[in-house]
Every structure is written in C-alpha cells, then in structure tokens.
Undergrad: 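Below is one structure. I have some questions about it.
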There are 2 protein chains.
Amino acid sequence: MSDVFAALADSTRRALLDRLFSQNGQSLSDLHHGMEMSRQAVAKHLHILETANLVSVHWQGREKLHYLNPVPLGEIVHRWVGKFEDARVEALTDFKKQLEKPPATEQEKRRA
Amino acid sequence: MSDVFAALADSTRRALLDRLFSQNGQSLSDLHHGMEMSRQAVAKHLHILETANLVSVHWQGREKLHYLNPVPLGEIVHRWVGKFEDARVEALTDFKKQLEKPPATEQEKRRA
DNA sequence: TTGACATGCAACTATATGGTTGCATATAAG
DNA sequence: CTTATATGCAACCATATAGTTGCATGTCAA
C-alpha cells in the first residue's frame, strides 16, 4: 500500500489500469499482449500497482489474474484531490479578486 | 500543462500544494521557510507545479507569488479517477462473486 | 515423461529525478 | 550609491526508475 500517487505517475501503469477497467481479471500475458515492451517490464509495473494496492491478484493454476482494486483509488486520491476541489469556485473568485484589485500594504499584498 | 500525475507523485510537491491551500499567494521564500531543503530545490518543485498548471504565479515587484490553480486538479485527476470510481461498488461485487464461485471453463475462468 | 507455456528472479544499463552549490540579475531599502 | 533581499540559471552529483536479457521454476497438455 505504498505510494499510490507514484504508482499513478507512470503512463504505462495508467494504461494497464485502463486495460483492466475494460477487461478485468487478465493475466500478465494478456496484459503484455500488444504492449511495446518486454513481458518482464509489464510484470514490474503490475507489481508496483499491486504494492500500491491498486490491483489485486488471484492465482488460477499457472496464471496470475489481475483485478482492479476499487478501494484505494477512490479513498486516497479522491479524498486528497477533493480537499482542493471543495475550494474550487471559492478560490477562483479569490484569484480574480486578487488580480483585479491588489491590496495596499506589504503585509496585505503578500498575505491576502 | 505536462504531466499532472507526475507532478503529484512527489510528496514535497503535494506538501507545497497543501501549504498553498492553507495560505494562498505565497512567495518562494515563504514556501521555502521551514522546509528541509535548499531554496533552489523548492523553486524547482514549484516550477514543476507551474508547468503542470497546478500553480499559477503573479509577480509583485521582486516577489513571485504562487497561487493554487483550481482547474486541472479537478478536471484531469477527478475525471480520470472518477471513471474507476463509478465502477466501484459494481466491481467490488464482481470481485467477491469471482472469489466465491470461480467459473467453469478455461475461457470463462479467465474472461469472466 | 516430455515439451510448451506462464511467471518469477537477478543482474545489468541508461536515463530521469531530486538534490546540491556557485554565481548572476533585478528590485527594494538605507 | 550601496547593500540586502528575492529570484533565476547552470553545472554537477547520487539515487531512483524504467527498461533490457538470461535463466530458473511451476503447471498444463500430449
């Protein structure tokens, strides 16, 4: 459950999540198919997604099936981003005010 | 407006956004204050946030004031994460079903 | 049992990243 | 004018990251 944000930073990993979104429960070979890199590279990315708890796995004989883990994406990211989202309209208003009418004193200029 | 996800991957940068959240319109020196790294390191992080369009700046004399840019955080991240969030409950149900009662045929096993 | 398939492990490489220091430039203040 | 403050630019360094290749192991099928 290490760094979810770091796990999401790589476009290949986001692509893997996309592929799992459109087709859940795929094996490494499935996910590797059509990708422009070695199977091992894909395996590493999947392991990072596993470690970040974004993907959970289920062994089926010799195949390791990968499933989107729905929890942390919503929990962590949405919660963190939501904090800023909540202030969106308000901040936008403040920002415009700031540009239109800069305050007078030094303190106010910097702290407004 | 480069990679928002990459910009969010670093904890220092997320901390900077946090600081701007609690106090908008701070200068580089303000934001550097209390941080365990050089001013130049902070400047680099801020520049990455600027490039990702997460922070916008406003020159006030010799001071460069930094403001949270409310748009892309909500737009990009929330939209991308939301795609997965929408399928949260549904996916959770599917996942449990999968574990409880694995399908019969090879095809179904892998493609269910 | 033998061979094919699916995955894992380990070593290695190149580049990206996060940090440093030193110096230059622009604005504000005495 | 001189000095202090705020920032920018550039070179440099250490480590993290994303990729490779080669080989080992476990499972399925003939």
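Chain letters run A, B, ... following the sequence lines, proteins first, then strands; residues in each count from 1.
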Undergrad: Where do A9(B) and R14(B) come nearest, in terms of heavy atoms and distance?
TA: O-NH1, 3.1 Å
Undergrad: Among H66(B), H45(B), K64(B), which residue meets the side-chain hydrogen bond (donor to acceptor under 3.5 Å, both in side chains) test with E50(B)?
TA: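 Among the candidates, only K64(B) passes.
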Undergrad: Nearest to the side chain of S29(B) - dA6(C), dA6(D), dG8(D)?
TA: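 Nucleotide nearest to S29(B)'s side chain: dA6(D).
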Undergrad: To the nearest angstrom, how far is L31(B) atom CG from dA6(D) atom C1'?
TA: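 So the two atoms are 13 Å apart, to the nearest Å.
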Undergrad: Ignoring hydrogens and angles, tell me if any N or O in the side chain of N69(A) forms a donor-acceptor pair with the backbone of S56(A) under 3.5 Å.
TA: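 No, because the side chain of N69(A) does not come within donor-acceptor range (under 3.5 Å) of the backbone of S56(A).
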Undergrad: Side chain of S27(A) only, please: which of dG19(C), dT7(C), dG8(D) is the nearest?
TA: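 The listed nucleotide nearest to S27(A)'s side chain is dT7(C).
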Undergrad: Between A41(A) and G61(A), which residue's closest nucleotide on DNA chain D lies nearer the 5′ terminus?
TA: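 Per heavy-atom nearest nucleotide, the more 5' residue is A41(A).
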Undergrad: Could you write out each protein N or O paired with an N or O of nucleotides 23-26 of chain C at a distance under 3.5 Å?
TA:
none

Undergrad: With a 4.0 Å cutoff (strictly under), does any side-chain N or O of K44(A) reach OP1 or OP2 of dC9(C)?
TA: no
Undergrad: Could you check which of dA6(C), dG19(D), dT7(D) has an atom nearest any side-chain atom of E63(B)?
TA: dT7(D)
Undergrad: For the residue pair A15(A) and M35(A), what are the closest heavy atoms and their distance?
TA: CB-CE, 4.3 Å
Undergrad: For M37(A) and dA14(C), what is the distance between atoms CE and P respectively, to the nearest whole Å?
TA: 19 Å
Undergrad: Separation of H47(A) atom NE2 from dT7(C) atom C1', in whole Å?
TA: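 Value for this atom pair: 12 Å.
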Undergrad: To the nearest angstrom, how far is M35(B) atom CE from dT20(C) atom C1'?
TA: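 Those two atoms, CE and C1', are 17 Å apart.
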Undergrad: Rounded to the nearest Å, what distance is computed from the NE2 atom of residue H32(B) to the C1' atom of nucleotide dG19(C)?
TA: 12 Å
Undergrad: Any Lys/Arg nitrogen of R19(A) or D30(A) sitting under 4.0 Å from an Asp/Glu carboxylate oxygen of the other?
TA: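 No, no charged N to carboxylate O under 4.0 Å.
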Undergrad: Which distance, rounded to the nearest 0.5 Å, do you find between the CG of L16(B) and the CG of L46(B)?
TA: 5.0 Å
Undergrad: In whole Å, what is the span from the NE2 atom of H33(B) to the C1' atom of dT5(D)?
TA: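 Answer to the nearest Å: 14 Å.
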Undergrad: Nearest to the side chain of W59(A), which nucleotide is it out of dT20(C), dT7(C), dT21(D)?
TA: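 Per side-chain heavy atoms of W59(A), the pick is dT7(C).
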Undergrad: With nearest nucleotide decided by heavy atoms, which residue, S38(A) or A6(A), maps closer to the 5′ end of DNA chain D?
TA: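 It is A6(A) whose nearest nucleotide is closer to the 5' end.
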Undergrad: Please state whether the rings of H58(A) and Y67(A) are parallel, tilted or perpendicular, taking 30° and 60° as the class boundaries.
TA: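 It falls in the tilted class, 30° to 60°.
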Undergrad: Provide, to the nearest angstrom, the distance between the NZ atom belonging to K64(A) and the C1' atom belonging to dC9(C).
TA: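 Going from NZ in K64(A) over to C1' in dC9(C) covers 12 Å.
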Undergrad: Measure from CG on L28(A) to C1' on dC9(C) and round the result to the nearest Å.
TA: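 Atom CG in L28(A) sits about 14 Å away from atom C1' in dC9(C).
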